Number of protein chains: 2
Amino acid sequence: MSVGREQILTAAIRHLNEDPTASMAELAEAVGISRATLHRHFSSRDELMVALGHRALAEWEQAQEAAGVAEGAASTDPEEIRRVLDALLERLIEVADAYGFGLTDHAMAVHPDLLRRSDELEEREVALFAAAQRAGLLRADLPPRWISNAVFGLLVAVRESLRRGEVARRDVHHLLTTTFFQGAAGDGGRA
Amino acid sequence: MSVGREQILTAAIRHLNEDPTASMAELAEAVGISRATLHRHFSSRDELMVALGHRALAEWEQAQEAAGVAEGAASTDPEEIRRVLDALLERLIEVADAYGFGLTDHAMAVHPDLLRRSDELEEREVALFAAAQRAGLLRADLPPRWISNAVFGLLVAVRESLRRGEVARRDVHHLLTTTFFQGAAGDGGRA
DNA sequence: ATCGTCTGAGACATAATTGTCTCAGACGAT
DNA sequence: ATCGTCTGAGACAATTATGTCTCAGACGAT
């Protein structure tokens, strides 16, 4: 049965999540095809990495669109923005878990195309956070870019927690949102 | 002038922070010594990486000790625990910034020695968070290990923010602590 | 049955990295 | 001045990953 580009990317990213230094030979084996065939689809390792990056960015973008980030950024309705934020975090968890290795991989930070596209996506989220601040949903004293980075960092935490099996998948969304919105301080911290 | 192991490690980590894939030759050049001399100090790349890992862990450990993590974990006094938490975050910022590449490097996750030591350090922090929960300082409904991972993730955010120059260094501690303790929700989120 | 297409296996050259080794020179201590 | 130590430069073999290529066989369509 012939495997397409998409299946190769899926299997490759799954393997790279466990061993980020895997060679083309290892990747081919993980996909279940020969090294030659892998090279027929992606003429160089670099090309494969860029394709992987674009796929991860596509998932990210899709998560934004499904959550309605653009609409949320343009809205002034706290209810709607809150819904968008929740939906975005929910979907970003999936993306972080599936494409997590890309969170830290340097291929993403090296290719101008990927970098530019990733900056653009990040910009949309920053705009959403800024809108959330205007609506009183998020604290106005935090720089939107810091908020964006904090969300990113918490997603790293999510991924790590899942990888180690320290938290159940069904609890992750609640942990992420409650930590992000309310923080970790207890009653004693305010009393 | 002869350079010692410590100076080599310092220069190497600084360079690896910018290019995590640097070869031994590049590292030697960055340090300002010849490749031969580098190999005289660290017979293999692996040995260098392990030394780097131990150094990063030593800094981490020192941060814990300076903050009084052990005492804090054994204490029931909210005031003291709060001071320890603050001091710990303050010092972890420095460590994350200086040894940040180790935050994501897999050498750390590959060598049993490093892994074990890193687990041990993490365990101490988990104990501190648990103590903070008992003292009412941190929410009791969050798993201590999730809190630990969340702090780690927020440190990644700190490092990234500093690297991009998106926030000033003097603001970072406040951003980190306020985000961690209070979260990002604004007034509108509770009203 | 035959054609066209795709595949796996493997040979091959190339390049990059690594680790070892040698040798000559710099340098400080005595 | 001389010794011992350390260094840089560079040669060297070994390893590994990469990219290309060829060839034979599988497979489906006609």
Side-chain angles (χ1 to χ4, degrees), chain A residues 1-56 99 101-102 104-115, chain B residues 1-56 101-102 104-114:
Chain A
M1 80 191 151
S2 88
V3 295
R5 272 179 74 106
E6 293 308 304
Q7 298 172 45
I8 293 179
L9 291 178
T10 300
I13 208 162
R14 194 175 317 162
H15 192 258
L16 282 171
N17 269 330
E18 292 173 359
D19 179 11
T21 69
S23 69
M24 291 292 273
E26 290 170 310
L27 255 21
E29 189 186 353
V31 176
I33 61 178
S34 73
R35 202 163 65 94
T37 301
L38 179 55
H39 267 96
R40 283 183 188 110
H41 287 274
F42 303 94
S43 63
S44 74
R45 176 176 236 276
D46 213 54
E47 191 181 322
L48 173 60
M49 291 306 170
V50 173
L52 244 26
H54 275 296
R55 189 192 167 98
Y99 296 87
F101 105 99
T104 59
D105 202 55
H106 352 66
M108 191 70 74
V110 141
H111 278 272
D113 283 358
L114 295 176
L115 196 55
Chain B
M1 78 188 153
S2 89
V3 296
R5 271 178 74 105
E6 293 307 305
Q7 298 173 44
I8 293 179
L9 290 178
T10 300
I13 209 163
R14 194 175 315 161
H15 192 257
L16 282 171
N17 270 331
E18 292 173 359
D19 179 11
T21 68
S23 68
M24 291 292 273
E26 291 170 309
L27 256 19
E29 189 186 353
V31 176
I33 60 179
S34 74
R35 201 164 65 94
T37 300
L38 180 55
H39 266 96
R40 283 182 189 108
H41 286 275
F42 304 94
S43 64
S44 75
R45 176 175 235 275
D46 212 54
E47 192 181 323
L48 173 62
M49 290 307 171
V50 173
L52 244 26
H54 275 296
R55 189 192 167 99
F101 104 99
T104 59
D105 202 54
H106 15 64
M108 191 70 75
V110 140
H111 278 272
D113 283 358
L114 296 175

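All values derive from a computational prediction rather than experimental measurement. Each chain gets a letter, A, B and so on, in the order its sequence line appears, and its residues count up from 1.
Judged by distance alone with a 3.5 Å cut-off, no donor-acceptor contact links the side chain of B:Arg40 to the base of C:dG19.
Distance CG (B:Leu38) to P (C:dT17): 15 Å, rounded to an integer number of Å. Across the protein-nucleic acid pair, B:Glu47 atom CD and C:dG19 atom C1' stand 12 Å apart, rounded to whole Å. Put simply, CD on A:Gln7 is 11 Å from P on C:dT7, counting in whole angstrom units. Computed from coordinates, the A:Arg5 CZ to C:dC6 C1' distance equals 17 Å when rounded to whole Å.
Applying side-chain hydrogen bond (donor to acceptor under 3.5 Å, both in side chains) to A:Ser43 and the options A:Glu47, A:His41, A:His39 leaves one that passes, A:Glu47.
For the pair B:Leu9/B:Glu6, a side-chain contact is recorded, criterion being any heavy-atom separation below 4.5 Å from C-beta on. Residues B:Leu38 and B:Leu27 are in side-chain contact: their nearest non-hydrogen atoms beyond the backbone lie under 4.5 Å apart.
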- Task: Determine, stepwise, if the pair B:Val110 / B:Met49 fulfils side-chain contact (heavy atoms from CB on, under 4.5 Å).
- Result: CA-CA 11 Å; B:Val110 140; B:Met49 290 307 171; over 6 Å; no

- So A:Thr10 and A:Val31, side-chain contact (heavy atoms from CB on, under 4.5 Å) or not? Walk me through it. CA-CA 8 Å; A:Thr10 300; A:Val31 176; over 6 Å; no

- Pair A:Leu52-A:Leu16, side-chain contact (heavy atoms from CB on, under 4.5 Å): steps then yes or no: CA-CA 10 Å; A:Leu52 244 26; A:Leu16 282 171; 3.4 Å; yes

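Considering only side-chain N and O atoms, B:Thr37 lies under 4.0 angstrom from the phosphate OP1 or OP2 of D:dG8.
Side-chain polar atoms of B:Asp46 and B:His111 form a donor-acceptor pair below 3.5 angstrom.
Here the side chain of A:Glu26 pairs a donor or acceptor atom with the backbone of A:Ser23 at under 3.5 angstrom.
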- Quick one, give me the B/S/- string for nucleotides 12-20 of chain D, reading 5' to 3', where B means a protein heavy atom under 4.0 Å from the base and S means that only happens at the primed atoms, P, OP1 or OP2. ------BBB

- Base-pair string, DNA chain D, Watson-Crick plus G-U, cut-off 3.5 Å on both distances, | for inter-strand, is ||||||||||||||||||||||||||||||

